[in-house]
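What follows is a short report on a single structure.
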Amino acid sequence: MAGNRAWILKSRPEGLPDMSNFELRDIGAEPLEDGWIRVENKWLSVDPYMRGRMNDVKSYVPPFALGEPMQGGAVGKVVESRSPHFEVGETVFHMLGWRESAAGPASAFNKLPQMPVEDHQWLGNLGLTGATAYFGLLRVAEAKEGDIVFVSAAAGAVGSAVVQIAKAKGMTVIGSAGGADKCAWVRELGADAAIDYKDGPVVKSLLAAAPKGIDVYFDNVGGDHLDAAFAAARQNARFAICGMIENYNAGPPPAFRYIMRVIAARIMMKGFIYTDYMAEMGDFYRDMGGWVASGAVTGRETIHEGIETAPDAFLGLFKGENMGKMLVRL
Ligand code: NAP
């Protein structure tokens, strides 16, 4: 095989990362040990949580090591196998990240269910972001038919899946997104209302869109969106705290004006990581596989071409440059 280029974490960012934090380097091809496979990557995932891993702090996943390749979700084809568990030509998922090819023990690679879907969907609606939407909405928030659901970053990968799962389950959905085009797409996905948070205070728009209040808030953004959800919560509302992208580069929000409504409205808030629900992936593949097959859940991708573009794609997440799942095609 020719070279094997990978993106290395060169330095740790303060605030918003930039290109100086990354370096594209040829790391060569590791010799294939007994029990190992080699995979040629076809698709790389870029995800907001990676921003947290660029900091040298303890969290639910260890920080990226300086001078080492960036880890993260990828899908590729097996090109060499010294494992009885994988055959050349199989499509697999792994977390070895932003590199042209990955080699390692078979245990580092996941087989994918037999479903007639395109490879990149294993990084979107049938992958990490779809599973996050599914478990966050249905298990964490225990959302059910008839609930009024508010979801932020609704034109993103997780948010667009939340909108569609909620509609498939008979809920009323209000999504927020930045800009008229994104809001139009959120409505196309079936949302009953879409809020352009760049066009005025979220709290005002949410109270207007949900005059009866909300039963569920699926938080992808934090800050003013979370505060607006406190203001709009009905009795016994449930908040699934999935992400707070507004704060990943800027630090924690200064204050929540409406937080005391947690008490009077008996709000239940729970943070979660999708891996908490790995034991229930069978349910996810059954339900999401069915919705994808029937067209009840559709996907949209913003695709960057070539490994050279991976940091740009990643940085674009913090500027709202994606509709649906942000991906890099190799
Ligand atoms: P995404 O929503 O596809 O992309 C990020 C979007 O966030 C952008 O397109 C942008 O949309 C919005 N955004 C960026 N900066 C913002 C800001 N300052 N204020 C408001 N909105 C902002 O990304 P994703 O992969 O689906 O992830 C969504 C959230 O879920 C993230 O918070 C992520 O960390 C979290 N997540 C959590 C888990 C878990 O297990 N807990 C797993 C996966 C993802 P607009 O143009 O609409 O602003």
Side-chain angles (χ1 to χ4, degrees), residues 15-17 44-55 59-61 72-73 95 123-125 127-137 139-141 151-165 175-187 189 191 194-199 201-202 205 217-229 239-253 269-278 280-281 284 299-304 313-328:
L16 191 66
L44 307 181
S45 182
V46 292
D47 297 271
Y49 78 89
M50 293 172 166
R51 174 62 188 88
R53 294 191 73 186
M54 294 176 83
N55 296 336
S59 184
Y60 62 93
V61 272
M95 287 297 293
L123 296 173
N125 280 337
L128 185 157
T129 55
T132 301
Y134 177 87
F135 292 119
L137 184 69
R139 299 288 193 276
V140 180
V151 52
S152 49
V158 173
S160 58
V162 170
V163 169
Q164 296 176 87
I165 296 168
S176 77
D181 288 352
K182 287 194 176 189
C183 286
W185 185 53
V186 170
R187 279 188 216 98
L189 292 174
I195 291 171
D196 178 356
Y197 74 89
K198 292 184 175 165
D199 194 29
V202 195
S205 310
Y217 175 45
F218 192 108
D219 191 16
N220 287 316
V221 168
D224 288 351
H225 279 83
L226 179 54
D227 210 20
F239 286 16
I241 308 297
C242 172
M244 295 192 176
I245 194 165
E246 187 181 316
N247 310 122
Y248 294 172
N249 296 302
M269 291 177 65
K270 187 165 164 43
F272 73 101
I273 305 297
Y274 79 102
T275 47
D276 300 344
Y277 295 90
M278 283 294 102
E280 297 175 55
M281 283 300 279
F284 165 68
R300 182 165 179 164
E301 296 79 31
T302 301
I303 297 174
H304 287 239
F314 171 65
L315 297 175
L317 292 168
F318 303 103
K319 300 177 211 150
E321 289 175 356
N322 59 308
M323 279 220 221
K325 176 74 187 125
M326 186 74 106
L327 289 170
V328 179

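Order of listing sets the numbers, starting from 1, for every ligand and every atom in it. Computation of the quantities below employed the complete heavy-atom set of this structure, encompassing side-chain atoms and omitting hydrogens, waters and symmetry-equivalent molecules.
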For Gly320, counting its heavy atoms only, list the atoms of ligand 1 lying under 4.0 Å from any of them.
-> 8 (C), 9 (O), 10 (C), 46 (O)
For Met323 and ligand 1, answer yes if some heavy atom of the residue is under 4.0 Å from a ligand atom, otherwise no.
-> no
With the side chain counted from C-beta on, respond yes when Met326 and His304 share a heavy-atom pair under 4.5 Å apart, and no when they do not.
-> yes
Which residue and non-hydrogen atom of the protein lie closest to atom 47 (O) of ligand 1, and at what distance in Å?
-> Gly178 N, 2.8 Å
Nearest-neighbour protein heavy atom for atom 26 (O) of ligand 1, which is reported as residue plus atom name and distance = Val158 N, 2.8 Å
Between Lys182 and ligand 1, which part of the residue brings a heavy atom under 4.0 Å of the ligand: side chain, backbone, both or neither?
-> side chain
Any side-chain heavy atom of Leu16 within less than 4.5 Å of one from Phe318?
-> yes
Protein contact of atom 25 (O) of ligand 1 - nearest heavy atom, named by residue and atom, plus distance | Pro48 CD, 3.3 Å
List the closest protein heavy-atom neighbour of atom 2 (O) of ligand 1: residue, atom name, distance to the nearest 0.1 Å.
-> Gly156 CA, 3.3 Å
Determine whether any heavy atom of Gly324 lies closer than 4.0 Å to an atom of ligand 1.
-> yes
Just wondering, do Thr132 and Cys242 contact through their side chains at under 4.5 Å, heavy atoms?
-> yes
Close side-chain approach of Asp227 and Val202, heavy atoms under 4.5 Å = no
May I ask you to check whether Ser160 and Lys325 show a side-chain donor-acceptor distance below 3.5 Å?
-> no
Flag side-chain contact, heavy atom, 4.5 Å: Ser152 against Asp219 | yes
May I have all residue pairs that pass side-chain hydrogen bond (donor to acceptor under 3.5 Å, both in side chains) and include part of residues 243-253, sequence neighbours excluded?
-> Arg51-Asn249
Of Gly243, Gly159, Cys242, which has the heavy atom at the shortest distance from atom 36 (N) of ligand 1?
-> Cys242
Note: Leu317, heavy atoms under 4.0 Å from ligand 1, region reported as both
Which one holds for Leu128 and ligand 1: side chain close, backbone close, both close, or neither close, with close meaning a heavy atom under 4.0 Å?
-> side chain
What residue and atom, counting heavy atoms only, is the protein's closest point to atom 13 (N) of ligand 1, and at what distance?
-> Ile245 CG2, 3.6 Å
For atom 30 (O) of ligand 1, state which one of Thr129, Asn220, Asp47 supplies the nearest heavy atom.
-> Asn220
Could you name the option among Phe272, Phe318, Tyr277, Tyr197 that has the heavy atom nearest to atom 20 (C) of ligand 1?
-> Tyr197
If the plane angle is over 60° it's perpendicular, under 30° parallel, otherwise tilted; pick one for Phe284 and Phe135.
-> tilted
Quick one: does ligand 1 sit under 4.0 Å from the side chain of Tyr274, the backbone, both or neither, non-hydrogen atoms only?
-> both
Option from Thr129, Leu123, Val158 for which side chain to side chain contact (heavy atoms under 4.5 Å, CB included) with Asp47 holds = Thr129
Closest non-hydrogen protein atom to atom 42 (C) of ligand 1, residue and atom name please, with distance?
-> Thr132 OG1, 3.2 Å
Under 3.5 Å, is there a donor-acceptor pair between the side chain of Lys182 and the main chain of Asn322?
-> yes
Which of the numbered atoms in ligand 1 are below 4.0 angstrom from a heavy atom of Ala157?
-> 1 (P), 2 (O), 3 (O), 26 (O)
Check whether any side-chain heavy atom of Pro17 sits under 4.5 Å from a side-chain heavy atom of Met54, and report yes or no.
-> yes
Residue, atom name and distance, where the atom is the protein heavy atom closest to atom 17 (C) of ligand 1 | Glu246 CA, 3.9 Å
What protein heavy atom sits nearest atom 9 (O) of ligand 1, and how far away is it?
-> Asn322 OD1, 2.5 Å
